[in-house]
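Structure first, commentary second.
Note that the structure is predicted; figures quoted are calculated from it, not measured.
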Amino acid sequence: MTFSALDHAHMAQALRLAALGLDTTTPNPRVGCVLAHGETVVGEGWHRRAGEPHAEVHALAQAGEAARGATAYVTLEPCSHHGRTPPCADALITAGVRRVIAAMADPNPLVAGQGLARLRAAGIDTESGLLELEARELNIGFVSRMTRGRPWVRLKAAATLDGKTALENGVSQWITGEAARADGHRWRARACAILTGIGTVRADDPQLTIRAVPSERQPLRVVVDARLELSPSARLLDGKPVLVACATADAARAATLQARQAEIVALPDTKGQVDLAALLTELGRRGINELHVEAGQGLNGAWLKAGWVDEILLYLAPTLVGDAARGLFRLPALTDLAQAHRLRFHDVRSVGQDLRILARFLPSA
């Protein structure tokens with residue numbers, strides 16, 4: 001399928017618009033729309049929040065009668081079902097657009113090609129696949145939840161150049177500089193949930209909130225706490241929402257945390273620990289697209305050992321602290337390099353004085 005340079009330019013703008021909803025659309029996908037007659041743009045829009053009008057509706061409202069005969073460039077296939085809002089495919093048909101180009105098909109089983117089919121049945125020319133990789137990247141968590149039933153898992157860590165996250169005595173603030181810490185908060189902001197373990201809560205008493213960058217919302221905070229040892233005075237309980245995943249039926253401990261407005265969910269595995277696979281399924285059921293993990297080496301290692309991590313977001317500081325300091329992941333010893341976890345660098349860049357690496361696991365890992 002051949003798309004013109006003009007098609008590419010309009011879809012690139014639609015993707016830029018979609019990215020404006022990066023932090024706010026959860027659990028919905030980030031979607032942008034451009035309506036144009038040739039080079040002339042007559043309407044633009046993006047989806048802002050769940051329950052509010054979709055990108056196509058905003059663009060059509062801006063275009064008015066100029067939408068008739070226009071080409072619609074949409075970063076995701078227009079929806080064909082009634083959710084909180086009416087189908088966007090019907091809105092495009094009613095407006096009289098001539099052509100619809102979607103960057104990608106909607107992985108939601110409620111749509112999955114039906115939106116484009118409805119447009120074609122109404123006599124509208126439809127095409128898809130323009131800048132599809134970019135569109136998928138923008139909604140990598142939504143695609144994961146729709147196709148795998150679980151969120152995209154991003155494990156974030158900050159370490160020294162020799163791979164240490166804290167001194168032997170536990171001191172870790174601050175390994176990286178202010179710019180890297182603010183950048184980490186931007187990644188928190190785009191996530192639907194931030195997860196940590198009880199060990200990190202005891203050691204650092206983190207808030208797990210977005211503070212270094214502007215944000216209209218706070219993601220769900222999740223604590224993996226097998227024995228419900230979380231103190232009711234923990235700072236992360238100051239404000240909602242908080243979900244505590246445990247492996248015990250201790251009603252008294254649960255009641256203490258529930259009094260602080262925490263929600264308790266028991267997901268035990270056969271070893272008396274929290275079943276991480278069951279937790280991912282539960283988070284997917286709750287509409288969590290992107291899960292941002294900030295934990296210690298024990299829980300980090302458990303996620304990696306179980307094979308549930310999709311990518312690692314690693315900030316490296318240009319410092320060395322020696323062998324006795326604490327490492328990134330607690331993993332079993334290997335006897336052969338063929339057993340190593342293998343990743344590929346997806347993005348590498350400087351952030352202030354530090355280095356930021358985004359690495360993704362190879363399909364065979």
Side-chain angles (χ1 to χ4, degrees), residues 26-27 140-157 165 187-188 191-204 206 208 219-230 234 236 241-250 253-254 257 262-314 326-334 339-343 359-365:
T26 181
I140 198 164
F142 180 75
V143 172
S144 174
R145 182 166 65 87
M146 289 296 117
T147 59
R148 304 189 297 182
R150 67 172 181 85
W152 179 265
V153 178
R154 179 181 302 113
L155 194 159
K156 178 263 181 182
T165 61
W187 286 90
R188 280 185 180 183
C192 307
I194 305 170
L195 179 145
T196 195
I198 184 60
T200 297
V201 175
R202 281 198 298 254
D204 300 335
L208 292 187
L220 173 69
R221 286 166 290 171
V222 182
V223 183
V224 176
D225 180 12
R227 291 179 289 277
L228 286 180
E229 297 170 313
L230 180 63
L236 62 80
V242 177
L243 178 70
V244 180
C246 68
T248 178
D250 191 316
R253 291 186 179 185
L257 296 176
E263 183 181 355
I264 312 297
V265 58
L267 300 168
D269 65 11
T270 57
K271 298 179 181 178
Q273 300 298 315
V274 174
D275 187 328
L276 298 183
L279 176 56
L280 282 178
T281 299
E282 174 64 18
L283 292 175
R285 187 188 67 79
R286 292 169 179 255
I288 301 301
N289 294 330
E290 294 184 20
L291 176 64
H292 184 89
V293 178
E294 294 190 20
Q297 61 178 349
L299 186 55
N300 283 346
W303 279 105
L304 288 172
K305 185 178 178 182
W308 295 121
V309 179
D310 294 301
E311 65 184 8
I312 294 177
L313 179 68
L314 177 62
R326 300 180 184 181
L328 282 163
F329 316 113
R330 185 177 297 135
L331 290 168
L334 305 182
Q339 300 169 332
H341 296 265
R342 301 203 177 273
L343 304 90
R360 292 182 175 166
F361 284 88
L362 298 174
S364 59

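- Closest heavy-atom contact between A247 and G272: CB-O, 3.4 Å.
- At distances below 3.5 Å, not a single donor-acceptor pair connects side-chain atoms of T248 with backbone N or O atoms of R227.
- A266 and P268 make their closest contact through C-CD, 3.5 Å (heavy atoms, listed as atom of the first residue, atom of the second, distance).
- Atom CG in L314 sits 9.5 Å away from atom NZ in K156 (nearest 0.5 Å).
- Across all non-hydrogen atoms, the minimal contact from G284 to P151 is N-CD, 3.9 Å.
- Remark: R285 pairs with E282 by the side chain to side chain donor-acceptor pair (under 3.5 Å) rule, at least two apart or across chains.
- Considering only residues two or more places apart in sequence or on other chains, R154 meets the salt bridge (Lys or Arg N to Asp or Glu O under 4.0 Å) condition with E290, E311.
- In terms of the side chain to side chain donor-acceptor pair (under 3.5 Å) criterion, residue partners of R202 (sequence neighbours excluded) are, by chain and number, E229.
- Pairs passing the side-chain hydrogen bond (donor to acceptor under 3.5 Å, both in side chains) check and including a residue from residues 291-304, sequence neighbours excluded, read R188-E294, H292-E294.
- Listed here is the closest heavy atom pair of L304 and H341: O-CE1, 3.6 Å.
- Annotation: side chain of L220 is in contact with side chain of L283 (closest heavy-atom distance under 4.5 Å).
- Contact record, C246 with I264: SG-CG2, 3.8 Å, taken as the closest heavy-atom pair.
- Counting heavy atoms from C-beta outward, D225 and V201 have side chains that stay 4.5 Å or more apart.
- Side-chain atoms of R150 and D310, non-hydrogen and from C-beta on, do get closer than 4.5 Å to each other.
- Taken to the nearest 0.5 Å, the OG1 atom of T196 stands 8.5 Å off from the CG atom of L236.
- Evaluation of the side chain to side chain contact (heavy atoms under 4.5 Å, CB included) rule for A245 yields V265, V274, L279 as partners, not counting sequence neighbours.
- T147 is linked by a side chain to side chain contact (heavy atoms under 4.5 Å, CB included) to P107, V143, counting only residues two or more places apart in sequence or in another chain.
- Applying the side chain to side chain donor-acceptor pair (under 3.5 Å) rule to S144 yields the partners R148; only residues at least two apart in sequence or on another chain are considered.
- Annotation: side chain to side chain contact (heavy atoms under 4.5 Å, CB included) contacts of A277 (sequence neighbours excluded): D275, W308.
- Residues satisfying the salt bridge (Lys or Arg N to Asp or Glu O under 4.0 Å) test with D269, not counting sequence neighbours, are none.
- Residues forming a side chain to side chain donor-acceptor pair (under 3.5 Å) with E263 (at least two apart in sequence, or on another chain): R286.
- L195 is listed as a side-chain neighbour of L299, based on a closest heavy-atom distance under 4.5 Å.
- Closest approach of G287 to P27, counting heavy atoms only: O-CB, 3.2 Å.
- Under the side chain to side chain contact (heavy atoms under 4.5 Å, CB included) criterion, C192 pairs with T26, I288, N289, sequence neighbours left out.
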